[in-house]
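The structure appears below as structure tokens.
Both backbone and side-chain heavy atoms feed into the values below; hydrogens, waters and symmetry mates do not.
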Amino acid sequence: ESRSRSNGKPHVLCFHQDLAPLRIVKVQGPTRGKRFYGCSHWPNSCGFFKWADEEDRVQELQFLLFERDTRIAELEILIEELENEVKNLKQANWKLEDDVAEMAIENTEQLAMISSATADKKLYNLLVASWVLFAIVLLLLGREGRKE
């Protein structure tokens, strides 16, 4: 665990929750001279070890988890909003389907009335035409009867 000091240098705590001193590798090898934090109870150490120049992956991973959880929460809210929108659109669709069915019935009724009115008009015109024809026939018969 790391904690900051007022002067900006980190306090690094070992697993005993004691201050882990900054040490330098003194043995021969590729890491000689490299700085590290180790348990202050060495050699009866808790096993804590951390390179001084190592990134604190725990903090980075905690931030990534926080970002992930935040994104999940945002997506859950978005899913809920979209589900509500789908529900509202389905209701609107059902209403529109009902309106269309009602309009189809009204349209059929109006077409029937127009068709009936057209048939009535045709019958009326046929009746008038037959009376006119009858009148013409009578006139012609009346003229021929006078000629004889």
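Side-chain contact between H41 and D18 is present, with heavy atoms from C-beta onward closer than 4.5 Å. You'll find the side chain of T31 stays beyond 4.5 Å of the side chain of F36, heavy atoms only. For the pair Y124 and K121, the minimum side-chain heavy-atom distance is 4.5 Å or more. Annotation: side chain of V86 is not in contact with side chain of E83 (no heavy-atom distance under 4.5 Å).
Linking ILVMFWY residues whenever their side-chain heavy atoms come closer than 4.5 Å, directly or via other members, leaves I105 and I114 in distinct clusters. Note on V132: it clusters hydrophobically with L140, by side-chain heavy-atom contacts below 4.5 Å among ILVMFWY residues. Linking Ile, Leu, Val, Met, Phe, Trp and Tyr residues whenever their side-chain heavy atoms come within less than 4.5 Å places V12 and L22 in a single cluster. A continuous path of Ile, Leu, Val, Met, Phe, Trp and Tyr side chains, each step under 4.5 Å between heavy atoms, connects V27 with F49, placing both in one hydrophobic cluster.
Contact detail for R35 and I24: the closest heavy-atom pair is CG-CG1, 4.0 Å. Nearest heavy-atom pair, C39 versus R23, reported as atom, atom and distance to 0.1 Å: O-NH2, 2.9 Å. Here the shortest heavy-atom pairing between C46 and H16 reads CB-CE1, 3.1 Å.
For the atom pair CE (M103) and CG (D98), the distance works out to 12.5 Å, reported to the nearest 0.5 Å. Once rounded to the nearest 0.5 Å, the distance linking CG of D120 with CG of L127 reads 12.0 Å. Rounded to the nearest 0.5 Å, atoms CZ (R71) and CZ (R68) are 13.5 Å apart. Considering CG of L75 and CD of E80, their distance stands at 13.0 Å, rounded to 0.5 Å. Separating the CG atom in L13 from the NZ atom in K50 is a distance of 10.5 Å, to the nearest 0.5 Å. To the nearest 0.5 angstrom, E67 atom CD is 10.0 Å from E74 atom CD.
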Mind running side chain to side chain contact (heavy atoms under 4.5 Å, CB included) on N88 and Q91 for me, showing each step along the way?
CA-CA 5 Å; N88 292 338; Q91 288 175 346; 4.0 Å; yes
As a quick check of understanding, evaluate side chain to side chain contact (heavy atoms under 4.5 Å, CB included) for W51 and V25, giving each step before the final call.
CA-CA 10 Å; W51 291 112; V25 176; 3.9 Å; yes
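A side-chain donor-acceptor contact under 3.5 Å links T70 to the backbone of F66.
Taking the centre of each ring, Y37 and F48 stay at or above the 6.0 Å mark.
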